[in-house]
Amino acid sequence: MAVDVVIYHNPACGTSRNTLAMIRNAGIEPHVVEYLKTPPARALLVELIDRAGITPRELLREKDTPYAELGLGDASLTGDVLVDAMMAHPVLINRPLVVSPLGVKLCRPSEVVLDLLPEPQRGAFAKEDGEQVVDASGHRVA
């Protein structure tokens, strides 16, 4: 049975690359959306935030973005204003966001994706930095 998984991915991000690799380690070839090239529509972004059970501020990325220059640290800014900023500057959308039949999550750290995969890991997996996440029998390392 084919499993439909979507990852909003930035190939320059190690966390995003590790997440994508764990999806593939479960034998799933996801739909990869490079959201910096093809950002989600505003309505879809709002839906993803809602389905993930987070706030727009929790999806907002600060590092290596115009976050400070745009004054987005102001706690009085509404969620709509923050979503507008993410639409104008997709680099403000934190990644990777993963959508699966089991839900939607911001996968930071990358091993959060294991909770979204309906298929088990097919073997050992270590992150790019060498941290072992899954053992040889496909079980999560504590």
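If you're wondering where the values come from, they're calculated on a predicted model, not measured in any experiment.
Note on I23 and L106: separate hydrophobic clusters, where clusters join Ile, Leu, Val, Met, Phe, Trp and Tyr whose side-chain heavy atoms are under 4.5 Å apart, directly or indirectly. The hydrophobic clustering, which links ILVMFWY residues whose side-chain heavy atoms are closer than 4.5 Å, places I54 and L102 apart. Residues Y8 and L114 are members of separate hydrophobic clusters, defined by side-chain heavy-atom contacts under 4.5 angstrom among Ile, Leu, Val, Met, Phe, Trp and Tyr. Note on I93: it clusters hydrophobically with M87, by side-chain heavy-atom contacts below 4.5 Å among ILVMFWY residues. Using a 4.5 Å cut-off between side-chain heavy atoms of Ile, Leu, Val, Met, Phe, Trp and Tyr, with links allowed through other members, L20 and L36 fall into different hydrophobic clusters.
Contact annotation: the side chain of V99 approaches that of L48 to within less than 4.5 Å [non-hydrogen atoms, C-beta and beyond]. Taking the side chain as every heavy atom from C-beta outward, M86 and L60 approach each other to under 4.5 Å. Inter-residue side-chain proximity for C107 and L116 is flagged as met; some heavy-atom pair is nearer than 4.5 Å. Looking at heavy atoms from C-beta onward, I49 lies in side-chain contact with V83 at the 4.5 angstrom threshold. Proximity of L97 to V104: side-chain heavy atoms (C-beta onward) are separated by under 4.5 Å at one or more points. Within the 4.5 Å cutoff, no side-chain heavy atoms of S100 are placed close to those of V3. Using a 4.5 Å cut-off on side-chain heavy atoms (C-beta onward), D84 and R42 make contact. Between V91 and R61 the shortest side-chain heavy-atom distance does not fall below 4.5 Å.
Across every non-hydrogen atom of P39 and P90, the tightest pair is CG-CG, 3.6 Å. Contact record, A85 with L92: O-CD1, 3.5 Å, taken as the closest heavy-atom pair. Taking all atoms of both residues into account, the shortest heavy-atom contact from A21 to F125 is CB-CE1, 3.4 Å. A pairwise comparison of heavy atoms in P11 and R17 identifies O-NH1, 2.9 Å as the closest pair. Closest approach of A126 and G130 over heavy atoms only: CB-O, 4.0 Å.
The side-chain hydrogen bond (donor to acceptor under 3.5 Å, both in side chains) test with S16 singles out one residue from R108, H9, E34, and that residue is H9.
Between E119 atom CD and N25 atom CG the span is 12.5 Å, to the nearest 0.5 Å. R122 contributes atom CZ, which lies 13.5 Å from atom CZ of R24 (distance to the nearest 0.5 angstrom). One distance of note links CG of L70 with OG1 of T65; it measures 8.0 Å at 0.5 Å rounding.
When atom types are taken as modelled, the side chain of N18 and the backbone of E128 share a donor-acceptor pair closer than 3.5 angstrom. No donor-acceptor pair closer than 3.5 Å links the side chain of E111 to the backbone N or O of V113.
T78 and D80 share no side-chain donor-acceptor pair at under 3.5 Å.
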L77 and R57: CA distance, side-chain angles, deciding distance, side-chain contact (heavy atoms from CB on, under 4.5 Å) verdict: CA-CA 9 Å; L77 295 176; R57 183 161 300 282; 4.1 Å; yes
